[in-house]
4 protein chains.
Amino acid sequence: MPRRPSPSRRRAPRQERSQATCDAILTATARVLVKDGYEAASTNRIAQEAGVSVGSLYQYFPSKEGLVTALLEQHRARAVADFEAGLVPLAGQPLAVAMRALIRQVIAVKRENPRLNQVLHELMPRMRERGLLDVYSQRLFRVVRAFLAPRFQDLRPQNLDMAVFILVTTVEALCHTAVTERPDYLEDESFVEEIATLALGYLRPEPAAVPVRRTARERTVRM
Amino acid sequence: MPRRPSPSRRRAPRQERSQATCDAILTATARVLVKDGYEAASTNRIAQEAGVSVGSLYQYFPSKEGLVTALLEQHRARAVADFEAGLVPLAGQPLAVAMRALIRQVIAVKRENPRLNQVLHELMPRMRERGLLDVYSQRLFRVVRAFLAPRFQDLRPQNLDMAVFILVTTVEALCHTAVTERPDYLEDESFVEEIATLALGYLRPEPAAVPVRRTARERTVRM
Amino acid sequence: MPRRPSPSRRRAPRQERSQATCDAILTATARVLVKDGYEAASTNRIAQEAGVSVGSLYQYFPSKEGLVTALLEQHRARAVADFEAGLVPLAGQPLAVAMRALIRQVIAVKRENPRLNQVLHELMPRMRERGLLDVYSQRLFRVVRAFLAPRFQDLRPQNLDMAVFILVTTVEALCHTAVTERPDYLEDESFVEEIATLALGYLRPEPAAVPVRRTARERTVRM
Amino acid sequence: MPRRPSPSRRRAPRQERSQATCDAILTATARVLVKDGYEAASTNRIAQEAGVSVGSLYQYFPSKEGLVTALLEQHRARAVADFEAGLVPLAGQPLAVAMRALIRQVIAVKRENPRLNQVLHELMPRMRERGLLDVYSQRLFRVVRAFLAPRFQDLRPQNLDMAVFILVTTVEALCHTAVTERPDYLEDESFVEEIATLALGYLRPEPAAVPVRRTARERTVRM
DNA sequence: GATGAATGAGATTTCATTCAT
DNA sequence: CATGAATGAAATCTCATTCAT
């Protein structure tokens with residue numbers, strides 16, 4: 001089932017050989033991007049790394065930008081799909097359990113190929129300007145929304161959309177920033193715990209924002 | 001007091017006129033960056049916009065990257081300084097009050113010149129790779145840490161550094177992402193309230209993830 | 001009767017199907033040439049337009065240039081043949097009648113597919129450089145020469161070859177240039193009349209260009 | 001007095017050095033065009049021939065096409081100016097005298113650098129498509145029109161514009177085609193005479209298309 | 001110091017042509 | 001014969017940077 005043409009694709013590979021070439025180019029792009037970064041990654045270099053000629057590259061991708069967008073799309077698509085898949089078995093779980101599982105999954109994904117994640121993450125705004133690729137962000141948003149919606153009446157926030165925005169943005173940012181700035185946190189189980197606390201505290205019905213003095217006996221911080 | 005030379009500066013302007021030229025160039029850089037983006041911003045274009053020759057530009061800045069880094073540093077330096085200044089009158093305030101004030105300030109800064117903030121934000125990783133500019137992140141971190149430290153014994157988190165990392169990252173990400181993706185939230189007072197709830201809920205000693213009775217009949221909200 | 005191979009042909013199509021393919025390619029070439037111009041017309045594009053693969057194109061034509069030359073030859077061959085055919089019934093006609101008929105025919109041909117005529121016309125010098133295709137110019141020349149020769153003793157010019165050159169060049173240029181620059185003239189019957197006057201005035205025995213008083217009493221025509 | 005920017009110019013040279021560079025590039029373009037033709041003439045090759053870098057070329061000309069157009073414009077401007085200058089002393093002359101002088105001048109110009117004339121001539125349609133350069137054709141037209149207008153009442157044609165179109169097109173085509181196909185004619189004084197006869201015969205008041213007796217013996221030349 | 005003309009390596013992209021399937 | 005994926009030389013053009021004036 002060949003993909004249909006898009007701003008990031010030129011010709012859909014029809015034969016096996018083409019598909020292989022196409023894949024090789026995308027893989028090579030990831031490698032070169034990781035090694036050299038976006039600016040320094042030239043299409044000739046990528047083609048060479050893929051073991052094909054530049055001509056072949058331009059047969060399947062309309063431009064350097066298109067090529068990178070295609071990779072980014074592939075990446076995002078997988079990420080979102082994985083996330084969705086990860087959500088399925090959590091449907092019946094308590095929120096606290098599900099939340100921890102999801103955070104662990106996000107961290108796992110980020111750790112898989114941190115450098116590539118990094119580079120692609122930085123590329124996103126550029127691609128977004130071209131008007132591409134928000135599909136995946138939206139889909140992620142919808143998935144989380146669907147997950148939260150049935151439980152929402154029992155939770156504190158009033159505005160479901162805003163709550164989803166806040167949760168998705170927060171968890172994503174924490175995991176992502178940790179990769180770059182505090183890789184040690186990624187190994188630290190308490191990091192997951194803290195993010196979970198943050199998210200669950202935000203959702204739970206008790207008034208959260210009121211600074212309350214502890215009393216002497218009020219020691220129990222159970223989470 | 002002329003700045004000392006750095007990887008982002010070539011020579012320190014000694015005379016007033018030089019300082020003016022230097023500023024003109026930085027201002028022009030910001031304008032061009034906003035208008036054309038980083039890639040399309042050429043040094044010739046910037047020099048023209050600043051009303052000086054390329055030669056002059058290279059008298060003060062060693063390279064395009066240095067120029068942009070200088071702008072970024074200036075920007076970050078101001079942002080951190082402003083933040084620090086904003087913190088001073090909040091020293092004695094309850095956390096809930098201070099938190100809301102700080103969130104409002106962060107949003108205010110982001111809204112001032114969203115496009116420039118955006119562009120510079122995207123440039124940060126690139127500059128970070130050159131090993132520059134983490135000074136300001138660190139300083140911001142220390143400032144927040146110093147603000148939180150005295151109250152920390154009364155708060156839930158055990159790891160002060162991690163808590164600071166989480167708070168700074170979260171608030172920054174939410175405000176920043178809102179600029180791009182949900183500018184409507186920036187006008188919405190409840191957005192501030194939600195962020196405050198998120199942050200304060202994270203800090204307060206109460207158990208956060210514990211099922212709470214809602215009614216007498218023990219309607220458990222599973223989280 | 002298959003054509004023999006030439007610098008513009010690779011192999012002679014033997015079967016009907018081949019002939020059809022060959023024609024389809026030539027037709028497609030004309031279409032693409034008209035639509036995109038010579039530079040922008042790529043062989044892949046032409047093959048696609050013809051509904052065949054590039055490979056097939058190169059089976060019949062040795063190169064892009066060969067392909068275009070073949071089209072040009074076909075075109076010129078037809079034009080000259082048509083012209084020749086048009087001349088036959090004019091054999092016995094008075095020169096003035098024949099001339100007008102011929103001019104009308106030339107205009108008619110040019111108007112048929114002005115854009116294609118235009119493009120091919122511009123391509124001629126390029127092809128001429130490769131030493132091809134003068135055959136048709138020469139043949140046209142001979143045809144006109146043969147038409148004029150029997151009446152030449154009654155006409156003014158002394159040098160038949162030069163007269164033919166002048167007539168052919170003039171009529172061709174006027175009709176061709178009119179297509180591009182003054183298409184309105186093509187609809188204008190007086191345009192035909194003027195060209196006829198030009199040509200016939202050139203041929204007729206009366207001294208035309210002598211700005212000399214003919215007789216003492218003659219009304220001097222200052223030219 | 002620097003030229004103002006146009007589709008064929010990028011930056012106006014302000015210093016002497018620039019002007020020299022600019023001229024060198026145009027001269028080199030002519031040389032390379034003559035040697036290699038338009039297609040084969042690469043901008044790198046031209047820059048090299050001019051003894052400057054490609055960068056300099058693109059500082060003054062926005063594209064290969066712009067460069068060639070600039071050369072073409074320069075060439076046409078000179079040709080038209082020369083033609084105009086040549087016309088001045090002919091103002092009071094009888095038409096027949098002026099016509100011969102003008103034809104000789106056109107031929108002289110064409111012979112000067114036949115190959116360059118050839119190449120530029122072939123390039124004209126391409127440039128015309130970009131909407132450039134008809135200024136000179138129009139100016140030539142107006143000049144000839146102005147020359148003919150005062151005498152027009154004594155001449156045969158009714159439509160001055162059409163007459164000018166016909167004369168200009170015819171003379172230009174004959175001279176031009178002769179360069180390529182019959183260079184021997186350019187040396188032949190009778191060729192000038194024939195063109196003059198053609199043109200003057202077209203203009204003179206006598207009915208041209210009427211059968212005229214040649215001798216007393218009544219050998220009617222039917223035209 | 002200031003100027004801006006000059007540099008030229010190098011990036012992206014095209015397209016005529018080949019040849020394995 | 002047909003196909004169309006693959007090739008890769010080469011073309012156009014940009015832009016950070018230098019340096020003579």
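The chains referred to below are lettered A, B, ... by the order of the sequence lines, with proteins before strands, and numbering in each begins at 1.
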Completion exercise
B/Leu57 CG to F/dC19 P, in whole Å, measures 17 Å
Exercise for the section: Identify whether any heavy atom of A/Ala47 sits under 4.0 Å from a base atom; if not, whether one sits that close to sugar-phosphate; answer base, sugar-phosphate or nothing. Expected result: nothing
Handout entry: Least distance between heavy atoms, C/Ile25 atom then C/Ile46 atom
Key = O-CG2, 4.1 Å
Handout entry: Atom-pair distance (CD on D/Gln59; P on F/dT12), nearest Å
Key = 18 Å
Handout entry: A/Glu39 CD - E/dG10 P separation (whole Å)
Key = 16 Å
Problem - Value in whole Å for how far the C1' atom of F/dA11 lies from CD1 of D/Ile46 - result: 12 Å
Exercise for the section: Could you check D/Thr21 against A/Ser56 and say which one's nearest nucleotide on DNA chain E is further toward the 5' end? Expected result: D/Thr21
Handout entry: Upstream residue (5' side of DNA chain F) when D/Gly55 and A/Gly51 are each assigned their closest nucleotide
Key = A/Gly51
Completion exercise
To the nearest angstrom, the CG-P distance between B/Leu67 and F/dT17 comes to 10 Å
Practice task
Answer with base, sugar-phosphate or nothing: what part of the nucleic acid does C/Thr43 contact at a heavy-atom distance below 4.0 Å?
Solution key: base
Completion exercise
Whichever of C/Tyr58 and B/Ser53 has the more 5' nearest nucleotide on DNA chain E, that residue is B/Ser53
Handout entry: Atom pair distance, as rounded to whole Å: CG in A/Asp36 and C1' in E/dA11
Key = 14 Å
Problem - Among E/dA5, F/dA2, E/dA16, the one nearest D/Tyr60 by side-chain distance - result: E/dA5
Handout entry: Spacing of A/Phe61 atom CZ relative to E/dT14 atom P, expressed in whole Å
Key = 15 Å
Problem - Atom of B/Leu120, atom of B/Leu71 and distance for their closest heavy-atom approach - result: CD2-CD2, 4.1 Å
Problem - Complementary nucleotide of E/dT12, counting Watson-Crick and G-U pairs under 3.5 Å - result: F/dA11
Exercise for the section: Cation-pi check, A/Lys64 to A/Tyr38: give yes when NZ or CZ is under 6.0 Å from the six-membered ring centre and within 45° of the ring axis, no otherwise. Expected result: yes
Practice task
Under the side-chain hydrogen bond (donor to acceptor under 3.5 Å, both in side chains) rule, what do A/Gln19 and A/Asp23 come out as? Steps first, then yes or no, please.
Solution key: CA-CA 6 Å; A/Gln19 186 58 57; A/Asp23 288 350; 3.0 Å; yes
Completion exercise
In whole angstroms, the gap separating C1' of F/dA6 from CD of A/Gln19 amounts to 16 Å
Exercise for the section: Look at all strands and tell whether A/Ala41 reaches a base, only sugar-phosphate, or nothing, counting heavy atoms closer than 4.0 Å. Expected result: sugar-phosphate
Practice task
Return the 5'-most residue of the pair D/Ser63, B/Asn44 with respect to DNA chain F, ranking by each residue's nearest nucleotide.
Solution key: D/Ser63
Practice task
Just compare F/dC13, E/dG1, E/dA16 and give me whichever is closest to any side-chain atom of B/Ser18.
Solution key: E/dG1
Handout entry: Distance test, side-chain N/O of D/Arg10 to OP1/OP2 of E/dA5, below 4.0 Å
Key = no
Fill in the blank from the handout: Scanning all shown strands, the Watson-Crick or wobble mate of F/dT17 with both distances under 3.5 Å is E/dA6
Problem - D/Arg126/D/Glu65 salt bridge by N-O under 4.0 Å criterion - result: no
